[in-house]
There are 4 protein chains.
Amino acid sequence: MSVSERKEREKEQRRQEILRAAKTVFFRNGFEKTSMEMVAEECQLAKGTLYLYFKSKEELYLSLVEDGIRILDEMMEKTIAKPLRADEKLLALAQTYFRFTQSHNEHFTIFKMIDVGTLNGKVDQEKLDEIQRLRMAAFERMEEVVAEAIRQGAFQTTHKPREIVMMLWAATFGAIMMCADKCQQLDMFKEVHAEKFVMRIASALIESFRTANVQEEPLGRENERKRKTQKTVEETEPQKSF
Amino acid sequence: MSVSERKEREKEQRRQEILRAAKTVFFRNGFEKTSMEMVAEECQLAKGTLYLYFKSKEELYLSLVEDGIRILDEMMEKTIAKPLRADEKLLALAQTYFRFTQSHNEHFTIFKMIDVGTLNGKVDQEKLDEIQRLRMAAFERMEEVVAEAIRQGAFQTTHKPREIVMMLWAATFGAIMMCADKCQQLDMFKEVHAEKFVMRIASALIESFRTANVQEEPLGRENERKRKTQKTVEETEPQKSF
Amino acid sequence: MSVSERKEREKEQRRQEILRAAKTVFFRNGFEKTSMEMVAEECQLAKGTLYLYFKSKEELYLSLVEDGIRILDEMMEKTIAKPLRADEKLLALAQTYFRFTQSHNEHFTIFKMIDVGTLNGKVDQEKLDEIQRLRMAAFERMEEVVAEAIRQGAFQTTHKPREIVMMLWAATFGAIMMCADKCQQLDMFKEVHAEKFVMRIASALIESFRTANVQEEPLGRENERKRKTQKTVEETEPQKSF
Amino acid sequence: MSVSERKEREKEQRRQEILRAAKTVFFRNGFEKTSMEMVAEECQLAKGTLYLYFKSKEELYLSLVEDGIRILDEMMEKTIAKPLRADEKLLALAQTYFRFTQSHNEHFTIFKMIDVGTLNGKVDQEKLDEIQRLRMAAFERMEEVVAEAIRQGAFQTTHKPREIVMMLWAATFGAIMMCADKCQQLDMFKEVHAEKFVMRIASALIESFRTANVQEEPLGRENERKRKTQKTVEETEPQKSF
DNA sequence: TATGAATGAGAATTCATTCAT
DNA sequence: AATGAATGAATTCTCATTCAT
C-alpha cells in the first residue's frame, strides 16, 4: 500500500508541476504562441511525458482554468463565511473577485485567452460540464447572500436575487477588465487605483438596490416576441428611465 | 478619368469584399484559428490576392477592428447629437454601445479576440495609433456630455467627468460581455433580456451620480505608495461603504 | 517609314531602360532575391510590360549577361587595336579585363550570379549559343595575339596559342575573383591593390612564356585513358616540374 | 551509458545522412533552387525532421561548406607534412587543392554557390567566424611554407610570403574554376587535362618567384589615395612590365 | 502597346501528437 | 513511467506569369 500511495502522491506532484509550468508559459506567451515543447522545457520533462498527464494541449489549458476557478471559489467561500451583514458581504465579494485577479493574475489572464466554448470537441465534455457547474455554484452562493439581504430588509428592490447577482457580477467584471493589463487597455485606465475603481462601481450598484425602483420590471425575455412586433419606443429610442 | 475612376471603385469594392469575408471567418473562428486560406475561400479569391490589399493577416484583422471602431464612433456621435438632456444622453450612449454590439456582433466579437501582443511589430504603428486615437476621441466626447450634466446640476457627484465616463463604460462593457454569445457565457445570462439588463446597470450607475456621495475621494493612484506602507484596513478587509 | 522607325527606336529605348533597371536591382539584390516587380518599379513600368520585351526573368538576366560580354568584347578589341608589341598586348588585355570588372562592376557581379548552364530550357537556346559564340570570338582574337607574339619570337614556349590564352585567362580571372567584393572574400585580399595584384600575376605568367620550358608537353587529354590504367606517379604524387 | 552512447551515435549518423543528402541536392540544383522538401526526400525523412538537426536551410548549407573546408584543410595538412622541399610543397599544395575539387566536387561546387549575403542574419555569426578562421589558418600554414622556401634560398623574390600565397592561390583557383564542370565553362576547357593545366599555371608562377624581379614593389594599397590624385600613366594605360 | 489585378504553385518553418525504446 | 526522435499537416507569405481591358 505504502508504495502505491507514494507513487500516487508523486504522480500528483508531477501533475501539479506541469500545471505550474503551463501556467507560467501560457501567461507569458498566450495559448497559441505557447508550444508543448515550451511547457516541457519549463518543467524539465520530456514533451511526451506531458501527454501521460494531459490528453492534449487544450485539456492542459482547461485544467488551468479549472484550477483558477477553484481558487476563486475558495476565496469567495471564505468571504461568505465572514461575520458581515449580507449587503456588506456582496461588496466584499466584489473585492474578493478583484483581489483574485490581482493575486492570481496568471490564472485570470489565462481565463481570457480563449473562449472555453471553442474547446468543444477537443476536451472531455465532462470537464467542461464540471467547470460550468463550479461557476454556477459560485453564483448560487451569491444568490443566497442576496436573498438574505432581502430578508433582512437591506434591499428593497423587486429584482430577483439572481438578477441582482448577475448585475453585480457583470459590472465588477467590466471594471476589472478595464483595469487589466495585457488587454487593449485604454491609457486613462492606467492611472486609476484599480481596487478603488472596482469597488466604487460595485458599491454604486449595491446602493441602488437598497431603494426600490418603482419602474422595475423583470429582466427576463419571456415576452420578447410580442414586443418585437409592436416596436415600442423603448427599442428604438433610448429609455429615459426604468 | 471615367475608366480609372471605375477601376478605383472596383478596387475599393474588392477591398470591402475581402473585409466582409474576413469578418465572417474571423468572427467564426477567432484570429488564430482562421487562416488566410479560409478568408480567400470565403470571398472566392486566390490566397495571393489578399496580399494585394492587406500586407499581412494581422493588418487585415486590424482593419476590421478599425472599421468596427469607426462604426461605433459614428453611432455614438449620432446619439450625442440627439436633443436630449445630458444625463439622458449618457444612458442613450450605453444603449448605443449595446446596440452596436448587437447589430455589429462580428465586429464586437473581433474586438474581444484581439491580443494586442500578437500584432506588435506586425502592423504599422501608425494604424495602431489611429485606433487608439479614435477610442480616446469617443471617450472625450462622453466626457463633454458628463461635464454638461454637471453644469446643468443633474449630477452632484464630486467625481471628475473622466472618472464617471470610465465607470459607466466599464459597467456597460461588463454587462454586454456577460450577455455576449461567444463568451464563456453562463447559462443564466441566456435568459435575460440583454438590452434591459445592460440599461438597468447603466441607469443604476447614472442614478448614483445624481446624489453626491460624501465619502467620495479621487480614484487616482497618486498616493498609492504611502498607503502601501501603512496597510490600512481598507486594503486588507472589505470596505463596508464609500 | 519615319513613323515606324521612330516606333522602332522608342521600343529599343524602352528595352534599354528595362535592362538598366534590371542591372541595378539584380546587382543590388542578386538574381533570386530580385522580383520582376522590383525591376518594374525601378523603371517605372508595369510588371506586365516587362514581358513584352523579355520572355522571362531568366531571359532578362541573360540579356544583361550578353550586354556585359559585348562591352568586355569591345574593350578588348580596342586594346588589341593599340600599337603595342604582341606580348605587351597580352598584358594589356589582362588589364582590360580587370578594368572591365571595375568600371562595369554590376555586369561582372551579375555574371557570377548564376551558372549560365542552369538556364538551359528556360531561355532560347539561340541566345545561349550567341553568348557562347561571343566568348569564343574573344578567345580567338587573343589567340591571334599570342600567335603573333610567337611569330615575333617573343615567346619561346612550345605551348599552343590557345593553351597560352587559357592559362592567362584563368589566372587573371582567379586574381580578379579573389579581389572582388560580394564574394566570400578573404580579409587579406581587402588590403591589396587589386589592379597591381592582377597585373603581377598576369605578367608573371607572360614572363614564363618568354623562355621555353623543355619539359613542356601538350595539355590535351587525348591519352588520358591509357594513363588512367598505368597509374603513374604523376597522378598520385605531386608533380615536381613540367 | 551504452544506451545513451548508441543513441548519440545514431543521432550523429542521422546528421551525417542529412548532410549527405543535402550535399547531393544542393550540388545538383544550387542553394536557391533546392527546397528542404527535396533534401527530405533524398534522405527519406520528413521535412520537419531536418529542423531537429539544423536550425534552417541556411545553417544546413553552411554546415556543408564547413565540412568541405575541413576536408580541404586536412588534405593540405597532409601535403605539408610530406618530406618535400618547401618550394616543392607549394606546388604540391596547388595539386592538393585541385584534387580536392575533383574528389569532393560537390563540396567545391557548393562553395561557389554560396552568396554570403543570403546567409547574413540567418546563421550563427559564430559559425561564420569559425569558417573564416579555418580559411585563414590554411593561408597561414601556406605562408609558413613560403617563408621556409625563402629561408632556404629557393625564392629570391622581394614579395612578402603572404603576397606569394595570395598570388598562388588566386591563380590556382582561377585555373580550377575554368576547368570546373558546372561553370559557364567555355568549350575549349573541356579539352584540357585539368590537373596538368592547373599545375602548369601554378608552376609557372612558382618559377617566377625563384628569380627576383627588380621592379617588384609592395602590392598593398597604402598609398592609393596619393596615386589617385596624381593620375599616373600606370592607372590609365596598360603597364608594360613590372 | 501598356497595364496591373489575379492567380496558384510553391517556399520555409512550426508543432501537436505518436510511438518505439 | 519517461523519453525524445520523427512525423506531416498546416500556416504565412512570395512571385513569375497571364490576361482582360
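Side chains are part of it too, since the values below use all heavy atoms of this structure and drop only hydrogens, waters and symmetry mates. Given the structure is predicted, the values throughout are model-derived calculations rather than measurements. Within every chain, numbering begins at 1; the chains are lettered A, B, ... in the order of the sequence lines, protein sequences first and strands thereafter.
A:Gln13 and A:Glu17 share no side-chain donor-acceptor pair at under 3.5 Å. Side-chain contact check for C:Thr118 and D:Lys33: no donor-acceptor pair (N or O, by modelled atom type) lies under 3.5 Å.
D:Phe26 and D:Phe31 have parallel rings, their planes meeting at less than 30° on a 0 to 90° scale where 60° marks the start of perpendicular.
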Q: Would you mind building the protein contact string for nucleotides 15-21 of chain E? One character per nucleotide, 5' to 3', B for base within reach (heavy atoms under 4.0 Å), S for sugar-phosphate only, - for untouched.
A: -SBB---
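Across the protein-nucleic acid pair, A:Asn29 atom CG and E:dT14 atom C1' stand 15 Å apart, rounded to whole Å. Distance CD (D:Glu59) to P (E:dA12): 15 Å, rounded to an integer number of Å.
Comparing A:Tyr53 and D:Ala46 by the nucleotide of DNA chain F whose heavy atom lies nearest to each, the residue mapping closer to the 5' end is A:Tyr53.
Within the 4.0 Å cut-off from OP1 or OP2 of E:dT1, not a single side-chain nitrogen or oxygen of C:Arg14 is found.
With hydrogens and angles disregarded, a donor-acceptor distance shorter than 3.5 Å links the side chain of A:Lys57 to the backbone of A:Thr34. A distance-only check finds a donor-acceptor pair linking the side chain of C:Ser63 to the backbone of C:Glu59 [under 3.5 Å].
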Q: Determine which bases of DNA chain F form Watson-Crick or G-U wobble pairs with both distances under 3.5 Å, and write the result as a 5' to 3' dot-bracket string with | for other-strand partners.
A: .||||||||||||||||||||
Q: For D:Met113 and D:Thr109, run side-chain contact (heavy atoms from CB on, under 4.5 Å): C-alpha distance rounded to whole Å, both residues' side-chain angles, the deciding distance at 0.1 Å, then the answer.
A: CA-CA 6 Å; D:Met113 284 168 176; D:Thr109 303; 3.4 Å; yes
